[in-house]
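Here the structure comes first, spelled out in structure tokens, and everything after it is commentary.
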Amino acid sequence: MNSTKTGSVVVIGGGISGMLSALDLANSGFYVYLVEKGPSIGGVMAQLDKTFPTNDCAM
Amino acid sequence: MPLKYVINPDVCLKLQKDKCGTCADVCPANAIDYTQTEETITLNAGSIVFSPGFKPFDPSRFDNYQYANYPNVVTSMEFERLLSASGPTHGHVMTMPKLPMKPKKKADKALAEKRKDPKKIAWFQCVGSRDMNKCDNAYCSSVCCMYAVKEAIIAKEHDPELEPYIFFMDMRTPGKEFEKYYQNAKEKHGINFVRARVHSVTEDRDTHDLNIRYADEMGQIVDDSFDMVVLSVGLEIPQETRDMAEKLGIDITDHGFCKTDSFEPVTSSRDGVYVSGVFNNPKDIPESVLDASAAASAAGDFLADVRGTMTKAEEKIEETNVIGDPPKIGVFVCDCGSNIAGVVDCPSLTEYAKELPYVEFATETLYACAQDTQDKMVETIKEKGLNRIVVAACTPKTHEPLFQESMVNAGLNKYLFEMTNIRNHNSWVHKNNPEIATEKAKDLVRMAVAKAALAQPLAEEKINVNDTVMVVGGGLAGLTAAKSLATQGYDTHIVEKKDVLGGEALKLYKTAQGEDVGEKMAALVADIEANEKITVHTNTTLEGVEGFVGNFKSKLVSGGNETELEHGVAVLATGAKCSEPTEYCFGDDDRIIKTLDLDKMLKEQDAKLDSVKTAVFIQCVGSREPNRPYCSRVCCTHSIDNAIELKKRNPETDVFILYRDIRTYGERELLYKEARELGVIFIRYEVDRKPEVKVEKDAVKITLIDHVLNQPVEIEADLLTLAAAIEPRKDERLANFFKVPLNDEGFFVEKHAKLGPAEFATDGVFVAGSGHYPKPVNEAATQGRAAASRALTLLAKKDSLFTSGTIATVDQEKCSQCGVCVSICPYNAPGFAADGRFAGTAEINPVLCKGCGLCVASCRSGALHLRGFDTNQIFSQIFALGEVV
Amino acid sequence: MDTCIQKIREIAGDLLEKGEVERVIGFAEGSIPMATSPVAISTKEDAQKLCFSSTCGLNLANYASKEKGKKIAVVAKGCDSRNLVTHIVENQIDRDNLYIIGVPCPGMVDKFKIAAEMGGEITGFEEAGDTLIVSTVDDKKELNKQDYLRHNCSLCTHKNPVLFDVLVGEEVEEQQLDNAYPDVDAIEALTADGRWKHFEELTQNCIRCYACRNACPLCYCPTCFVDESGPQWVGKGQDKTDVDTFHFLRAFHCAGRCTDCGACVEACPMGINVRDFTRKLNKDAQDMFGWEAGLTIDKRPPLDAYSPDDPNDFIK
Amino acid sequence: MGNLLEHMGIEKDRVHFSWISSAEATKFVDVVKEISDKVKALGPNKKFVKDYS
């Protein structure tokens, strides 16, 4: 590994996967840029009503 | 999600024609700025996580379903919004949902008058998936079967009169707890499942009801009429994403999904670029969440040596001492848009709150959780010198931490906060009785204020975290987790009871993508053994665990020698095993084998294979049965893979697969397709009409009823492979060591089915691999990485890990030393004080206490109290409720 | 009976003389017939004060825990020994500091019943085997003890101590009962209103002296819930609801721990059978958990322990 | 607790224990309806009620 690497990560996509990836990275010591093309993060999951199989609210 | 309005520049009159401009005039915050334009920002980053997601398939181009033309044909995504309380109909399902709720056009108005509550709804599965005729999506989208079942159940819950029908090819419910959900849908909820692909939909011109035509299983043409049709659309990778992938220089499959290695399942073909979510093959939420953490782990591994170089420390705000000060309560009433204000009279509620004892300030907010409201809250607290805050809004489960953060920003202890739920508990359930709802909201606020007045600042204890990690289980998932943790600098110990590392994966031949498992595992094991940070304990068992997050002490026993390992976190990756079939004459004849036996033969190039003329596979052997009601997930793909292998070795071999539903989810579907093209014959059987197996001298005879012909079919095979169920190890002792639960079947129960799939509710304990649920190589590796990532976030927080303030405390004067608390606590938090004035009385270890209150309720002497929920606070709430105002 | 008393005195004297214990808790004759009372002695000479008869109905475990930290010996009937077990389990006594002088119990007599039979003030009480010789100023009767047993003793299945260091006298035969709870069954057979009436009448004379609580070896909290004023769990007056709440909650504090020793009833000056509350819970403990209190020092009462597979049919 | 209350003559249907998660809205509604129907059928409770007047 070379030492010219930057300790930051760009996460492209603000859906559930992108958001959580960004959180894990930020919480484990990396600076994170979360990039989302839409006006808000949340992705498709935020539009769902309930989730299977527990029928928990998706929000 | 930040609730901010944005301007759609394509239709904005101001931007397009420089007319209008009303929004700038009316915005009290002067937030409108027409001069903003696109900016290009260059970011320097060490790596990229690419998680672009998917687009729901657009069914407009299917002329047979007339989605574009019929008002009652909707997509599953649209139906999802119909069910949602925050959707356009506030959760009320009605026909013609695509029309505006209050239509303006004349034709729409006429149509809207025909709106009704649907009584019969049909779901069509595989719209835009598993389809090469009308679109090019040969893969399975993996999620539609389950979401359709869910939508049908929820719709039926809304209206018990509803008759939901789901038209499907194979029901694909191979996830954890999915099969039970499907069976419950059939048996408890009365959802109708029809195995058919619907040919076409026509519309009654007058009523707009939909007539459908399909061939049932016996080939009979059936006509039926429905009020609504929901198209279960698949997940698709849009062209835009493919273009971006090309720009990023990463390889994608024909369908636009990222190409990854099964053993490095989130690593793209380009160094430093990691992928997650549906772009990395169709998947549901928990798998996307696992991908997310796994990608974080992989990106972190790549940047291990520069970790922590760019992060900034948070500024600490001095906490105001409020002890002794009279309560000065601030009340924030949230409208939640129209969610609350649409029912509850929020202005009068706010006025009412102002009159309550100790209330210094009360205000109404459109969205209490919005960032600007939060900033205002901080400002108000400082300006008015408030020392207790009540928010009347939604559920503390999701929003309490946010408000508490604002408390901290304003210099207040976060436990001086009280939240009352006037949405879920009030405006949503009493939406038809606004007056009563307003009264109830007043009661709730009065109770919250009474409790808040008694709130005390609570201290959180710092937890010291030991840097060492223990991974239990040296299979693929455990090794993957260990490798990532060690790469990022943590001493990692792998505990394996066998004499070699590798686990069940060593018995596999190839992955679904054709990788040689043996070779890959050997390379992984070599990596592990070469890693200085990793200590491998083979032939070792775990005989006891003490302690808690950050401070575990485990007893390891190897060959009679006992050692103690101190570690901060643990990853449980104990895997699963193949069950021994009790049916289909297994064990009576060496031509009847299990899938893993066939893998062994293929691995060893067993000469016996050359003489096989007819090979039969039976699926669901011991799975999806009353005593093992789950689907073993991997067997369909595994058998098909082996069937292809046999066909390729010798195209003359007749290969039959006897199945109940083929569950080749995601791009595994392509294998199913390939198998059919190679001439593998698939015959479906019903669970109550299982194949019969007889061992004869020249052949193993298999008889079953063909579902198409409804005639008995007899196959004489010289190799019968049983897809035996995958069974958890059901290690109750291990579960007990770490206080983690097992489900009915013996799999570990994760923290949260959706959002916490690689960790346990017990802090500092993580889960990976088939001990959680049966999974193929790539998913086990993903979960291994995900568990590592979750563990890493905890280890990285080393200096800022605190307990909760809401824990039990002991009034030692009152303690009778009876020990009920010590005995009853599921978390071992209470103990007896060893010395001091109160030696012998109970004391609580704040680190172990979860604040569940069991001890408090069990204490006969009234010596135990739950901070933040003290008896006087509860009483004050009850009395406040009783107050006639 | 006399040899048994002799033995108790001998053992007690011995223990005190050798300094093996600091005190011996036992029964001594009272100032009037049948009124035996608990006594704590600390010299060999005082050992002669110790006695034992069918009138020693109080539970000495109650006094043992008050001597925390000291080495003591306790005279224990079957039920006393079961409460000592409970005290060991509940951390009130250290087994190492406790010497149990076990007495196989012949059954205790119901003093109220004898007094009622005799009418006048009792001036003499002797027993010879199963015959009770009771005299008043102007009468003398021979009564059959079995007819005058306390109700709990008549249903007792643990007359012999379950835990002891020495046993005085031969073990007695334990009775086998087809139904250990006929009284509970009788109440259960009533209608809801009938049951309510039963308990209303039961507690109507209660003066809230708390003698039942004080006599009970299970009630050792530093501050009892009835004395607590912040929060005030139960009103302190004679309101019937508060009286019932006291009995109801006290019974709950005994759930799974009560040995049905009868000390509460023995102590009640108003003759209230408060066991009607606790017996129901004892029966439930037996039916739901197969549990009888105080039989083993290895297990805690079922309601003290957390188990994910507790019976939960009541949760719907 | 239900058992002893019932033993004392408080009708069984007046005391109810239920485990309902926040996701089980339908169950909550069903249970509450069931209880309120049962309690309505029993009429007002006169036992164990403190008279403050």
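All chains are named by letter (A, B, ...) in the order of the sequence lines, taking the proteins before the strands, and each is independently numbered beginning at 1.
- Around atom CZ of B:Phe838, more than 12 heavy atoms belonging to other residues, nucleotides or ligands sit under 6.0 Å away.
- In this structure, chain C has a heavy atom under 4.5 Å from the side chain of B:Thr871, while its backbone stays farther away.
- Within 6.0 Å of the NZ atom in C:Lys236, the count of heavy atoms belonging to other residues, nucleotides or ligands exceeds 12.
- By the 6.0 Å contact criterion, NZ on B:Lys751 is open, its count of non-hydrogen atoms from other residues, nucleotides or ligands being 12 or less.
- Within 6.0 Å of atom CG in B:Asp835, 12 or fewer heavy atoms from other residues, nucleotides or ligands are found, so the atom counts as exposed in its surroundings.
- In this structure, the portion of B:Cys815 lying under 4.5 Å from any heavy atom of chain C is its backbone and not its side chain.
- Only the backbone of C:Leu303 comes within contact range of chain B, judged by heavy atoms closer than 4.5 Å.
- Of the inter-residue distances, the one linking B:Arg860 atom CZ with C:Asp304 atom CG reads 5.5 Å to the nearest 0.5 angstrom.
- When all heavy atoms of B:Ser816 and C:Gln92 are compared, the closest pair comes out as O-NE2, 2.7 Å.
- With chain C as the partner, the residue from B:Ser861, B:Ser823, B:Ser858 showing the most heavy-atom pairs under 4.5 Å is B:Ser823.
- Counting only heavy atoms from C-beta outward, the side chains of B:Gln817 and C:Glu90 never approach each other to under 4.5 Å.
- Remark: C:Gln238 CD is packed, more than 12 non-hydrogen atoms of other residues, nucleotides or ligands lying under 6.0 Å away.
- Between B:Thr841 atom OG1 and C:Asn91 atom CG the span is 10.0 Å, to the nearest 0.5 Å.
- The neighbour count for C:Tyr210 OH, taken as heavy atoms of other residues, nucleotides or ligands under 6.0 Å away, is above 12.
- Expressed to the nearest 0.5 Å, how far OH of C:Tyr220 lies from SG of B:Cys818 amounts to 4.5 Å.
- Other residues, nucleotides and ligands contribute only 12 or fewer heavy atoms inside 6.0 Å of the CD atom of B:Glu546.
- Heavy atoms of C:Arg257 lying under 4.5 Å from chain B belong exclusively to its side chain.
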